[in-house]
Structures are given as structure tokens and as C-alpha cells.
Participant: 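One structure is given below, represented as C-alpha cells, and several questions about it will come after.
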Number of protein chains: 2
Amino acid sequence: MNDHLKAFRNYLKEQGLKNTSQREEILAFLGRSSRHLSPEEIFRELRRRDPRLGRATVFRTLRLLGDCGLATRVTFPDGKQKFETRLGGHHHDHMLCVHCGRAIEFVSPAVEEAQKRLARRYGFKVLWHRHEIFGRCRRCETAGPSPRRS
Amino acid sequence: MNDHLKAFRNYLKEQGLKNTSQREEILAFLGRSSRHLSPEEIFRELRRRDPRLGRATVFRTLRLLGDCGLATRVTFPDGKQKFETRLGGHHHDHMLCVHCGRAIEFVSPAVEEAQKRLARRYGFKVLWHRHEIFGRCRRCETAGPSPRRS
DNA sequence: GTTTTTATTGAGATAAAGTCTCAATTAAGA
DNA sequence: TCTTAATTGAGACTTTATCTCAATAAAAAC
């Protein structure tokens, strides 16, 4: 049994919540995907396999996975929300290409460190963070006009 | 005439777009506010003054302001989107309290620097970025139970 | 293993957020 | 002032997300 499944079951037990096949399916599906998925994509794909799956369950489960730190919400340049698993607690952030939509993952100890110092200064207890850099990836930078922002 | 108004008019002219009273009202309203505002809040308040204002115009203008770098989108812990002006191009990021919703602004040269190095490594042309730290502010940290995430 | 308790689910209504169309309007250059 | 073209608002519509509640199923109690 893999790590985040174990962590998930633990979390549920701690909180007095129940595990269900739907929850595990959603977590597993997120885990298998290398892309970022929107709630709607998750819903549509998983309902093909289990036609009785409800849309509300997907939203509820994504929130739950967020709450226990197993999934991360990524806000794309156009404001759209997508999710990914935080595999084995391995944290990373994103550079998002405003032109082709590609997401490049990165890890920056320097950023994490700077953040820790900041938080201390403000008496702020950090739970998690999100660092999104918007711009143009190498491929798109070589050609093409103005991007879409905000 | 203040700086971002001037910048806005410049941008419109450059792009061959037209200025309108609605656009200036929205920009001014954002500029006067010390809080983060949702599109709906902006719409409701400005329509009290001009009952003919349309909702679509607010969304269109927010996108436009984002495009020209005068407004920034902030994604709150619950996934809700809000906006603020980027006053005089002065960039800052946020620590968001998952308990009381308070937003603390900060500037971190260390983060900006680390980011620049990263981008260079990936051949990524940075246009803007967003760094959101979620956690509990000093006030809320002293008391109260589990937060809402994702 | 069976019963009891209680969280979870799905359907569908509903709400909230955002986009689109198109005729009427208005800004800006000629 | 005239002309051109971008912008607007109304409202339909789409998408995204939440809520309600009876039925279901997981976990605990027995």
C-alpha cells in the first residue's frame, strides 16, 4: 500500500471520518495522473467507470484531500482551478506558461527558507503555501505575441 | 492624476483600445479599497452608483486590468478569487489566514531573487508571479481548532 | 456475525461565477 | 462634425460549486 493512501486512511480515522470506495478512487486517480486535473475531468472520467458517482462527492473529496494535505489546488493563469496530488508529501511549486498552459514543477529551498524567516517575523504559523510563476516557457518564448494575464 | 491611471490610459492607447467611464470607475474603486474585492462586490457597489452598469463589463475590465498589470488576482484558501490593484507597480505577496481570512502583505527580495535564478535555469521568461502563504495569523494562532484548507 | 450508530452518498434543485450575443452607444481619430 | 470601430448592457446561457435529504454503507458495539 502506498504512502499517501496510508496517510489518507490515518487522517480519516483521526478525524472520526469514514473511508469509502469513492474517496479512494478519487485519490488513486489523482495519484496516477501526471497532469493537473479539474474537478469536472475527475468527475467525468470516474463516472464512466461507476455511473452512480455524484458530482458533489468529487467536490467534497477534493476539499477533504486538500484539508489533509494530500492534494494541492493550482490556479491557472485564466483563473481556472485544477488539482494534483502532493505525492508522498514531496512539495513543489509551478511555473505556468501563459501561452501554452504548460506547468513546470520546481523546488526551491531558497524560497522555502526565506518564507520561514518571514513567517517568524509576522508570528504567522505556516500550514502550506503556493508559489506560482507566470510567464512564457522556453518553447513559447522563441515565437508568438502577447499573452493572456491576471 | 495618479500613476496607475496614467499607466492605464497609456496601455489602452498602445493597444488601440478605448477608455470608458466604466473602466476608470472600476480601476478607481479598486484603488480606493484597502481590501481585496470579489468581482461581485465590485459590481454590486458600482451599480448602486450607476444602475446601468453590467456584470460582464466588470469581468471584462478585471481581465483587462490583469492584462496590463494593474490588478492582481488573489486566490483565497477556499478557492475564491479576489482582486486588488497593484499600486504604482509596487509588488507584494500575501500570507492568508485560513481561520479569520485576514490577508497580510509582504515583500521578500530573497524570494524574488531566488525566483529569478530559477527562471533562468529553465529558460522561462517571468511575467509576474504569485506567492501565497496559508496558515494562521498571530491572533488566531493563540486559540481555536483545525482550519479549512485546499 | 449481527445490530446499531453515524458518516457518506447521489440525485437533483439551487446558487454562484463567468461568458456570450447582439443591437445600441460612445470614444477617438479624421 | 462625421466616421469608424471598440465597448456597453441585458439577459440568455454555461460552468462551477453547494445544498438537501432519503437511502446507503462503513465502523463500532454487541
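Proteins get letters first, then strands, A, B, ... in listed order; numbering begins at 1 in each.
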Participant: What contact category does A/Lys80 fall into here, base, sugar-phosphate, or nothing, at under 4.0 angstrom with non-hydrogen atoms?
Facilitator: sugar-phosphate

Participant: Would you kindly give the CZ-to-C1' distance between A/Arg55 and D/dT14, to the nearest whole Å?
Facilitator: 12 Å

Participant: Tell me: CZ of A/Arg44 to P of D/dA17, nearest whole Å?
Facilitator: 13 Å

Participant: Regarding B/Glu40 and B/Arg44, does a basic nitrogen lie under 4.0 Å from an acidic carboxylate oxygen?
Facilitator: yes

Participant: Does any donor-acceptor pair link the side chain of A/Lys18 with the base of C/dT6 at a separation under 3.5 Å?
Facilitator: yes

Participant: Could you state the CD-P distance from A/Gln81 to D/dA17, rounded to the nearest angstrom?
Facilitator: 7 Å

Participant: I would like to know whether B/Leu30 and B/Leu70 meet side chain to side chain contact (heavy atoms under 4.5 Å, CB included); could you show each step before the answer?
Facilitator: CA-CA 10 Å; B/Leu30 260 186; B/Leu70 286 169; over 6 Å; no

Participant: Would you mind telling me which of D/dG9, C/dT19, D/dA17 lies closest to the side-chain atoms of B/Asp50?
Facilitator: D/dG9

Participant: Would you mind reading off the distance between A/Ile42 atom CD1 and D/dA17 atom P, rounded to a whole angstrom?
Facilitator: 11 Å

Participant: Counting distance only, does the side-chain N/O of A/Glu132 pair as donor-acceptor with the main-chain N or O of A/Thr75 below 3.5 Å?
Facilitator: yes

Participant: Using heavy atoms to find the nearest nucleotide of DNA chain C for B/Ser21 and A/Asn19 separately, return the residue whose nucleotide is more 5′.
Facilitator: A/Asn19

Participant: In whole angstrom, what separates B/Lys82's NZ from C/dA17's P?
Facilitator: 10 Å

Participant: So does B/Thr20 get a side-chain nitrogen or oxygen closer than 4.0 Å to the phosphate oxygens (OP1/OP2) of D/dT8?
Facilitator: yes

Participant: If the helix axis at each end comes from five base pairs, how far does the helix from C/dG1-D/dC30 to C/dA30-D/dT1 deviate from straight, to 10°?
Facilitator: 50°

Participant: Under 4.0 Å: is that the gap between some side-chain N or O of A/Arg23 and OP1 or OP2 of C/dT8?
Facilitator: yes

Participant: Considering heavy-atom distances to DNA chain C, does B/Lys13 or B/Glu40 have its closest nucleotide positioned more toward the 5' end?
Facilitator: B/Glu40

Participant: Nearest of C/dA17, D/dG11, D/dC19 to any side-chain atom of B/Phe59?
Facilitator: C/dA17

Participant: Going by modelled atom types, is there a donor-acceptor pair between the base of C/dG10 and the side chain of A/Arg60 at under 3.5 Å?
Facilitator: yes

Participant: With a 4.0 Å cutoff (strictly under), does any side-chain N or O of B/Thr57 reach OP1 or OP2 of D/dG9?
Facilitator: yes

Participant: Would you mind reading off the distance between A/Phe43 atom CZ and C/dG12 atom C1', rounded to a whole angstrom?
Facilitator: 12 Å

Participant: What is the separation between atom CG on A/Leu62 and atom C1' on D/dT16, rounded to the nearest whole Å?
Facilitator: 12 Å

Participant: Quick one: sort the A/His129 and A/His131 rings into parallel, tilted or perpendicular, breaks at 30° and 60°.
Facilitator: tilted

Participant: Given 3.5 Å as the limit, does a donor-acceptor pair link the side chain of A/Arg136 with the main chain of B/Leu127, or not?
Facilitator: no

Participant: Taking OP1 and OP2 of C/dG10, is either one under 4.0 Å from a side-chain nitrogen or oxygen of A/Gln22?
Facilitator: yes

Participant: Which comes earlier along DNA chain D counting from the 5' end, the contact point of B/Gly16 or that of B/Pro51, where each point is its nearest nucleotide?
Facilitator: B/Gly16

Participant: Should A/Val111 and A/Phe134 be regarded as members of a common hydrophobic cluster, given that ILVMFWY residues are connected when their side-chain heavy atoms come within less than 4.5 Å of each other, either directly or indirectly?
Facilitator: no

Participant: Once you round it to whole Å, what is the distance between P of C/dG18 and CZ of B/Phe83?
Facilitator: 7 Å

Participant: Would a hydrophobic clustering, with Ile, Leu, Val, Met, Phe, Trp and Tyr connected at side-chain separations under 4.5 Å, put A/Phe124 with B/Phe76?
Facilitator: no

Participant: Can you confirm whether B/Glu84 sits close enough to B/His94 that some side-chain heavy atom of one is under 4.5 Å from a side-chain heavy atom of the other?
Facilitator: yes

